[in-house]
Amino acid sequence: MSNKTSRLRVGLIEDDATLAFYLSSMLERNPDFQLQFKASNLADGLLALQQDTPDILLTDLGLPDGHGSTAILAALAHRPDCQVLVISSFDDDENIISAIRAGATGYLLKAEMLLDVSNYIEHLHNGGSPMSPRIARRMLRAFRQLDSQPVVADELVTAPAATAQLSSREQTILQALAIGYTYAEIADQEFISINTVRHHIKNIYSKLYVSSKSQAIYEATRRGLLRS
Amino acid sequence: MRLFLSLIGVFLLILSDAACAASFRVTEAQLSVDQQTWQTVQLGDAWSRAEPARNGLRYYKIALPKQGLALTELYLLIPKVGNRAEVFLNHQKVATIGDMANPDQDFSNKPYLFALPVPDKSQGNFLQISVAGNPSRFSGLSHLYLGDKASLTRLYERQLLATSYLYYFVTLVSLVIGVVSLVFYSLRRNRASFQIAMAGFLWAASVYLWSLDELPCSFTLWLWGMDIIYGVFLWFTCQATLNFLGIKKLRYPRFISICTVLFCLGASYNALMGAPEIKFASDMISVLAWCYALYNIWLQVLKRRTFANLTIAIAGLAMLPIGLYDVYNMWLSREYDAYAAPYYTHLILLIYILALTLALMRHFDRALKVEERYRKKIARSLARKNRELERLYGEREAAIKLEAMREERERIVRDIHDGVGSNLVTLLQNIRAAEQPDPEIEHDALEALSQLRMAIDAIDPVENDPILILSQIRYRMQTRLQKRGIRIIWQVQALPDDTLHVTAAAEVSFILMEAFANIIKHAKAKTVTVSSAYAADQGLCTLRISDDGVGISGQSQGGRGLSNMQLRAEKIGARLDLQSDGKGTTLTLSWLVQQAGPPPQRPANYPLTQA
């Protein structure tokens, strides 16, 4: 783990100078991570992503010259396996769900970092803060909406409902999260490890992203935008 | 209908008239124009137009029978004499009917009853009657009756009923019909009712003129006027029938109009030239018009067999034989006492327009009822629509209010995020970045940040699911609970959707937060057990938070917080139970779920607590 080559390369896009400084110094102190670039606006961030896409991208959403979701799209375009975590002041669902739809696989809360740095590093390792019940509820609803979309057989477009399907385990986990159970409690109840729970959650995030993406393509096709 | 029956009664009375003649009847007389030469004639011959009407003065001489008149009183009944007459008994004038010298008088419409001086039966007594006639109208002398007062009075009354009384009656009823129909017309602007009104008035005028003894104008003018009135009456009656039955053919009104014009021309010619044959012909034209109308009425009635239509058709059909019977008696019969047959035309035409009026009234009655029904239906439907509109308006208002509340909450949450929230984060960073961080200040700042996040959750519950609210509170407090070594036993299960009204969510959020805050601050507990339950049969939702702490009595403070929680529970109609002893505290929040229908509008009423 302490091997230089095995260090996870991290890109940071954050306009708040104090927080950016705080984060970058924290990353530099940690042997598991390597700060690849630090940008204070979207343009710089996009440029850095184009040169070399990191393993993990940490990005704020409200940037002075644009929205952080542009950076998410760019990172995933260059490197589909890039893990994107959104830095947010609060786990206010609207922003986080839209970030997940754009491709984020988790989120980190600024306040949490200030509350407990070691916890924050752990979250960074584990793919973001634990999913709050409110976000779990929003995710459940988002998947239900995707499921209720019409399934149209089309040679060009795969019907989004097929990808929107959560496995029954994922469904159980999401439902348990929505009624307040912790990762550890869920792991106990389901007789799985806590890491498996985290793995499922990462899957759930990416399923919503993939579904949202195919939903967007499906919608675009349906409206004839991609037919050319 | 009652009126109709009484008219039939009058009819029957008149028909029984002939059978009542009891006393001595004179049917033969000596007739002379110059009182020189005399010839024997049958009385009553002049009433039949088979013979030409008598013009000028005629003298009738009748010998009173020697037998059969053993009376102490002697009465003479003349059923019909025209146009004027004088009666002499043995050269002594005993009665005058009209002024012999005045040609504009006609007394032939009524019977006359006179008391005669009782003559000496030993001599041959004779009655002489001078009659002044006019060829334009019936003139001559009918059969006579001689007898006692009682039997002749009875006969006289009967005949009066068939003449004068009948005229008054017909005039009156026709006027009533006219007025009623005119009222109808003023209400409904229906053409048929106007025409019936005109027919009623014209017929009243006609019968009134006919009943006059002393004419207001010359005889010729009077007769002509009556004919013209009859002609116009005929036109109005036929047109009214046409309009009422809805006959659209143009041929029909045209034919009636032509007949009317021809009839009027014939009557005028008769008035100017004195030609009874032309008068007869024009009368026949009017009969033809009636027949044609009747034919069309029946054609139409067979197509639309309603009660009103049938009434008109039957009345019209009944008119025909009776009218023809009148014409026969007046013009064709060779019977000398044909005069004695009552003259029905007045009555039957009245009955016809009466039937028409009744049918029209029924028609309007039905139309009014339909209109009333329709009006009520519209009123009902309007009321329903109004209620619906009010309901929709109310819903919309409520939705707008909720939306406004939601927007306001979002705005506040955003403001807190961007304002106080980010300031607090910056403050915490600065504290951390300081050379020597003050742990107390840092702790206070962290506490403030944590409370702010909870406050945001409370302001913006997003969902009205109490379990989500509870879960979110746990999620927020997890770290702080862990730091104090408090273990949570989470025994929460999902509740059905919409157990809580959206406006109650904030209160529930506050109560639960307060409960956790109390545990952290005062309870000194090791374990907190949180559970939820839903009893579907009672519709009862329960949230329970119990700890193994020191209990409320052991706490240093908290009374105000508890009463505040109680107040909030009451406000949303929920029940808050608190059980506490030295071994711990159990807080139970429960409420009844409204089973059916949307949540009530007033915030005081949502989740119902009534059993």
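Naming: A, B, ... by sequence-line order, numbering from 1 per chain.
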Problem set entry | All side chain to side chain donor-acceptor pair (under 3.5 Å) counterparts of R474(B), not counting sequence neighbours | E185(A), Q478(B)
For this session: State which residues pass ring-ring contact (aromatic ring centres under 6.0 Å, His included) with F37(A); sequence neighbours excluded, sorted by chain then number.
Result: none
Seminar exercise, completed: Nearest heavy-atom approach of A178(A) to L468(B) is O-CD1, 3.6 Å
Seminar exercise, completed: dist R134(A):CZ -> D465(B):CG (nearest 0.5 Å) comes out at 12.0 Å
Seminar exercise, completed: For G180(A) and W490(B) the tightest heavy-atom approach is C-NE1, 3.5 Å
Seminar exercise, completed: Nearest heavy-atom contact between I179(A) and S471(B) is C-OG, 2.9 Å
For this session: Please report the closest heavy-atom contact between S132(A) and Y475(B), naming both atoms and the distance.
Result: CB-CE2, 3.3 Å
Exercise. So with a 6.0 Å cut-off around CD of E440(B), is the heavy-atom count from everything else above 12?
Worked result: no
Exercise. Take atom CZ in R396(B); do more than 12 heavy atoms of anything else shown fall under 6.0 Å from it?
Worked result: no
For this session: Count the heavy-atom pairs under 4.5 Å between each of L177(A), T182(A), D16(A) and chain B, then report the option with the highest count.
Result: T182(A)
Problem set entry | Proximity breakdown for L495(B) and chain A, heavy-atom pairs closer than 4.5 Å | neither
